[in-house]
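A short worksheet on the structure shown next.
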Amino acid sequence: RAGDPAAWDTLFRRYQLPLYAYVFELVRHEQDSLDIIQETFIAATRHIGGLRDDARFGSWLFGIAHQKCIQLWRRRDRRKVVLMEEEPAAPAPDNLVADGPLDLLLRQEQEEAFLKLLERLPLPQRSVLMLYFLEDFPIEEIARITETPPGTVKSRLHYAKRALKQLLEETPL
């Protein structure tokens, strides 16, 4: 809040990758995702005075990013722009420890197959699933991020898990 560049650098480094992963899964376009992350941090810089509880910075930041995604979808709907094809999956990090190349390849194939199944879920369900399981946000924080009641978050999470289970049964990894 005091405008310390080192503090912003620390926060940026802490949240940059998790925010990107979340946003990319929602918008499925690399450049749009990077733009949204940039816009999110710019908005956070401008409105940091409105944050009442420092402990909620992460969920506040994810909430800003979530709203930026919604704004992008609305712009796309208004322009009736055809969504671009999915970008190729990023290569696995070099520091990934594997028993061998075959093990690494199998894990990458399973991850890609799982992400394709995840894409088949409705966006509201996919969003809460990612926030809950990948980002470890509690129900109350997800409700704040998505601006929905906690009961709706629980319902979406329930139906998302059920739908994902059914998809996994139909198409085993």
Side-chain angles (χ1 to χ4, degrees), residues 1-81 83-96 111 114-115 118-119 121-157 159-161:
R1 291 180 196 210
D4 179 12
W8 273 110
D9 186 53
T10 300
L11 291 170
F12 180 76
R13 290 178 190 276
R14 160 66 179 92
Y15 289 102
Q16 177 184 16
L17 190 57
L19 270 175
Y20 177 79
Y22 175 69
V23 169
F24 183 79
E25 280 302 315
L26 296 180
V27 300
R28 305 305 297 166
H29 186 264
E30 183 177 2
Q31 190 57 51
D32 286 342
S33 299
L34 292 171
D35 290 345
I36 288 173
I37 298 305
Q38 183 177 11
E39 291 171 16
T40 298
F41 277 99
I42 289 169
T45 303
R46 286 186 187 144
H47 303 290
I48 189 71
L51 179 64
R52 293 189 184 120
D53 183 0
D54 292 345
R56 298 192 188 275
F57 180 81
S59 63
W60 178 71
L61 197 61
F62 271 81
I64 294 170
H66 187 83
Q67 291 306 311
K68 298 288 181 189
C69 291
I70 290 171
Q71 291 168 4
L72 175 68
W73 296 325
R74 287 179 181 153
R75 283 193 309 265
R76 283 181 177 170
D77 285 345
R78 276 193 297 250
R79 290 188 221 148
K80 304 226 185 267
V81 174
L83 296 175
M84 297 184 74
E85 289 184 8
E86 176 181 335
E87 296 289 325
D94 293 334
N95 63 355
L96 185 63
E111 181 180 315
F114 180 75
L115 290 175
L118 195 60
E119 285 178 25
L121 294 177
L123 202 50
Q125 290 178 4
R126 186 175 359 141
S127 176
V128 296
L129 200 66
M130 291 174 53
L131 288 170
Y132 188 76
F133 287 108
L134 299 180
E135 301 301 332
D136 292 325
F137 281 115
I139 299 293
E140 296 77 25
E141 292 296 312
I142 297 171
R144 283 187 196 89
I145 291 168
T146 60
E147 296 183 346
T148 56
T152 301
V153 171
K154 289 177 186 177
S155 175
R156 288 178 181 171
L157 194 55
Y159 287 110
K161 289 191 289 187

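Residue I64 holds its CD1 atom at 7.5 Å from NE2 of H47, rounded to the nearest 0.5 Å. Interatomic distance, L26 CG to D32 CG, rounded to the nearest 0.5 Å: 12.0 Å. Remark: I145 CD1 to E140 CD distance equals 11.5 Å, nearest 0.5 Å. Taking NZ of K161 as the reference point, atom CG of L121 lies at 13.0 Å (rounded to 0.5 Å). To the nearest 0.5 Å, atom CD1 of residue I37 and atom CD1 of residue I42 are 11.5 Å apart. Residue S127 holds its OG atom at 8.0 Å from CZ of R156, rounded to the nearest 0.5 Å.
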Evaluate L157 against F133 for side-chain contact (heavy atoms from CB on, under 4.5 Å), listing each step before the verdict. CA-CA 10 Å; L157 194 55; F133 287 108; 4.1 Å; yes

What's the verdict on side-chain contact (heavy atoms from CB on, under 4.5 Å) for R144 and W60, showing C-alpha distance, side-chain angles and the deciding distance? CA-CA 8 Å; R144 283 187 196 89; W60 178 71; over 6 Å; no

side-chain contact (heavy atoms from CB on, under 4.5 Å) evaluation trace for E147 with Q67: CA-CA 9 Å; E147 296 183 346; Q67 291 306 311; 3.3 Å; yes

Please evaluate residues W8 and I48 with respect to the criterion side-chain contact (heavy atoms from CB on, under 4.5 Å), reporting the C-alpha separation (whole Å), side-chain torsions for both, the decisive distance (0.1 Å), and the verdict. CA-CA 11 Å; W8 273 110; I48 189 71; 4.2 Å; yes

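Checking side-chain atoms of R126 against main-chain N and O of E25 turns up a donor-acceptor pair under 3.5 Å. The main-chain N or O of F41 is found under 3.5 Å from a side-chain atom of T45 such that the two form a donor-acceptor pair.
Here the side chains of S155 and Y159 are in contact, with some heavy-atom distance below 4.5 Å.
Under the 30°/60° scheme for interplanar angles, the aromatic rings of F24 and Y20 are found to lie parallel.
Residues P149 and A143 approach most closely at C-CB, 4.1 Å, considering heavy atoms. Between A21 and M130, the shortest heavy-atom contact is O-CE, 3.7 Å. Looking at every heavy atom in both residues, A65 comes nearest to T40 through CA-OG1, 3.4 Å. In plain terms, the two heavy atoms of I36 and K68 that are nearest each other are CG2-CB, 3.6 Å.
Checked against F62 for a side-chain contact (heavy atoms from CB on, under 4.5 Å), the options L19, T146, V23 give a single hit: L19.
Annotation for F57: atom CZ counts as buried by contact number, over 12 foreign heavy atoms lying within 6.0 Å. The environment of OH in Y15 is crowded: more than 12 heavy-atom neighbours from other residues, nucleotides or ligands sit within 6.0 Å.
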